[in-house]
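Here is the structure we will look at.
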Amino acid sequence: MRRSLAVASACAALALIAGDAPARAVRINEIQVVGTHNSYHVEPSPAEKALRAAFGAVDETTLEYSFAPLPWQLDRQDVRQVELDLWADPQGGAYAGPRLRALAGGGPYAPAMARPGIKVLHIQDYDYRTTCLTFVACLRAIRSWSDAHRGHVPIAILLELKDEPLPPQIPATVPLTWTPERMDAIDAEIRSAFPRRRVIAPDDVRGRRATLEAAVLHRGWPALAGSRGKVMFLMDNGEPYRSRYLAGHPSLRGRLLFTNSTPGQPDAAFIKENEPAGANLRRIRDEVRRGYVVRTRADADTREARTDVTRRRRRALASGAQWVSTDYPAPGIAARFGSDYRVRLPNRRPARCNPVAAPRSCRSARLDRVRSPP
């Protein structure tokens, strides 16, 4: 037995000398994927657009994009992170009659909007069209695809909690404020759509560490091998939403969302860094190296698509941010601007080894086990 152990130790030492270190398990923070921004968004009809312009409620040029349904994005566009905007509606009916739709003579809206539950839309009354009307409907669409493709890397679902009223001169629904109690409904609706074993939550990362941050700084993220077929949830908002969600849940104990935090905080694990340039780019790389997970954006407000300028895209992909978000995950979407702009990983797969944080033993072809369409 002693001779066998000695031989094994000698072989390991020789391997290290030769530069052939033993393969290390890839963790979920050591990969990179492409995501979509406002992943549910569908543009209004031409008649609605004309009316909306008269109100001046939005900048039309920033909203000229529409997405395919979530399962299509996951299946045909290699998307592995989506974003949903959530509106509290515990009684139901708050967003059942969009003002823009009524002004355009669009007739009654979907019955699902009259029922209690969190709704998904961009701007109350004036940018309401979506591929999935309710939070639960969106989650079930993702769950259905995931059930049929269990080899996928974890799907990150970024949630922006919306409750901002429009200016007084624009008639619109006044949304309910996201209180800690209403935030409980977010966790409850997630649990209604996904069994707990399919969700990567802060408790799974923290382990026996005193804080969530202590865990992520000491390789606390789970291995990819045991995380395929799962989802995880991220909060887009900063303060005061972060503190409200943390109330009664120190270091996110018992919660399902990872908050958008900052290094040095007990709940720090996920950080939103939308602009991947200059000092921000250096900061993203540092955060990724230290163990945090980061979301950044390759484009915004249709600017890059209109000009086909790829500088921001290149920086976003090189930053090491685990999630690089875009409005253009497939060819042809930007053709309306006479542009070929799109965002895809260089290896043309749903995931790749993180350019900043992956171990040398990582192999991009082995990460996501869902076969990509041609």
Side-chain angles (χ1 to χ4, degrees), residues 35-44 48 52 55-60 62-63 65-67 70 81-101 109-110 112-139 142 156-168 170-190 233-247 255-260 270 272 274 295 297 300-301 325 327:
T36 49
H37 159 254
N38 290 345
S39 311
Y40 58 88
H41 187 260
V42 177
E43 294 175 69
E48 289 177 332
R52 189 168 69 178
F55 276 95
V58 299
D59 180 352
E60 292 291 340
T62 68
L63 297 176
Y65 61 91
S66 293
F67 284 107
L70 299 176
Q81 178 258 307
V82 299
E83 178 184 346
L84 306 174
D85 288 352
L86 305 187
W87 301 75
D89 190 16
Q91 303 303 317
Y95 306 99
R99 187 174 184 84
L100 185 65
R101 185 182 185 88
Y109 196 28
M113 298 299 282
R115 295 191 283 269
I118 298 169
K119 304 304 189 293
V120 173
L121 61 141
H122 191 229
I123 300 172
Q124 66 270 40
D125 287 301
Y126 295 98
D127 199 27
Y128 68 94
R129 291 180 182 262
T130 169
T131 61
C132 46
L133 300 170
T134 69
F135 185 36
V136 169
C138 295
L139 295 180
I142 296 168
I157 303 171
L158 182 67
L159 305 177
E160 182 174 358
L161 281 54
K162 293 284 194 78
D163 58 8
E164 184 176 356
L166 292 179
I170 301 175
T173 301
V174 177
L176 292 174
T177 300
W178 279 108
T179 62
E181 294 73 25
R182 291 186 181 123
M183 290 179 181
D184 291 342
I186 299 173
D187 286 11
E189 293 199 8
I190 291 171
F233 294 87
L234 317 169
M235 181 185 287
D236 180 89
N237 309 71
E239 295 294 356
Y241 304 89
R242 168 183 166 269
S243 293
R244 292 176 193 167
Y245 190 70
L246 280 165
R255 285 299 202 185
L256 296 183
L257 275 61
F258 291 88
T259 42
N260 175 16
F270 165 62
K272 183 180 72 172
N274 281 345
R295 178 261 199 173
R297 294 184 66 177
D301 299 330
S325 180
D327 291 331

For the pair R255 and D184, find out whether any cationic side-chain nitrogen is under 4.0 Å from an anionic carboxylate oxygen. yes
Identify the two heavy atoms, one from F135 and one from F233, that lie closest to each other, and give their separation to 0.1 Å. CZ-CE2, 4.5 Å
Side chain proximity check, N38 to L63, heavy atoms < 4.5 angstrom: no
Any side-chain heavy atom of L257 within less than 4.5 Å of one from D187? yes
If we ignore angles and hydrogens, is there a donor and acceptor under 3.5 Å between the side chains of R101 and Y109? no
When rounded to the nearest 0.5 angstrom, what distance separates OG1 in T134 from OH in Y95? 14.0 Å
Taking all atoms of both residues into account, what is the closest heavy-atom pair of T177 and R244, and its distance? CG2-NH1, 3.6 Å
Mark yes or no for whether N260, through its side chain, and D236, through its backbone, hold a donor-acceptor pair below 3.5 Å. yes
Looking at W178 and D163, would you say the former's side chain and the latter's main chain have a donor-acceptor pair under 3.5 Å? no
Taking all non-hydrogen atoms of both residues, which atom of A112 and which atom of L133 are closest, and how far apart? CB-CD1, 4.2 Å
Separation of K272 NZ from T259 OG1 (nearest 0.5 Å): 12.5 Å
With rounding to the nearest 0.5 angstrom, report the CG to CG distance, L86 to L159. 5.0 Å
Quick one: does K119's side chain have a donor or acceptor within less than 3.5 Å of a partner on W87's backbone? no
If we ignore hydrogens and angles and just use 3.5 Å, is the side chain of E239 paired with the main-chain N or O of S243 as donor and acceptor? yes
Distance check, rounded to the nearest 0.5 Å: R52 atom CZ versus D125 atom CG? 12.0 Å
Is a side-chain donor or acceptor of T173 paired with a backbone partner of P175 at a separation under 3.5 angstrom? no
Using atom types as modelled and distance alone, determine if a side-chain donor or acceptor of K162 lies under 3.5 Å from a backbone N or O of H122. yes
T130 side chain to L121 main-chain N or O, any donor-acceptor pair under 3.5 Å? no
Can you tell if the side chain of Y128 reaches within under 4.5 Å of the side chain of M113, non-hydrogen atoms only? no
Would you say that L158 contacts L234 through its side chain, given a criterion of any heavy-atom pair below 4.5 Å between the two side chains? yes
Look at the side chain of Y126 and the backbone N and O of I170, then say whether any donor-acceptor pair between them is shorter than 3.5 Å. no
Grab the two heavy atoms, one from R297 and one from D301, that are nearest each other, plus how far apart they are. NH2-N, 4.2 Å
Calculate, to the nearest 0.5 Å, the distance between atoms SG and CD1 belonging to C132 and I142 respectively. 7.0 Å
Side-chain H-bond candidate by donor/acceptor type, D85 with H41, under 3.5 Å: no
Find out whether I157 and L139 are in side-chain contact, i.e. whether some heavy atom of one side chain is under 4.5 Å from a heavy atom of the other. yes
Can you find a pair of side-chain heavy atoms, one from Q91 and one from L176, that are under 4.5 Å apart? no
Separation of M183 CE from I118 CD1 (nearest 0.5 Å): 10.5 Å
Taking all atoms of both residues into account, what is the closest heavy-atom pair of A172 and L166, and its distance? CB-CD1, 3.5 Å
Sub-4.5 Å side-chain heavy-atom contact between F270 and R295: yes
Of all the heavy-atom pairs spanning S325 and T36, show the shortest one and how long it is. OG-C, 3.4 Å
Does N237 use its side chain to pair, donor to acceptor, with the backbone of L161 at less than 3.5 Å? yes
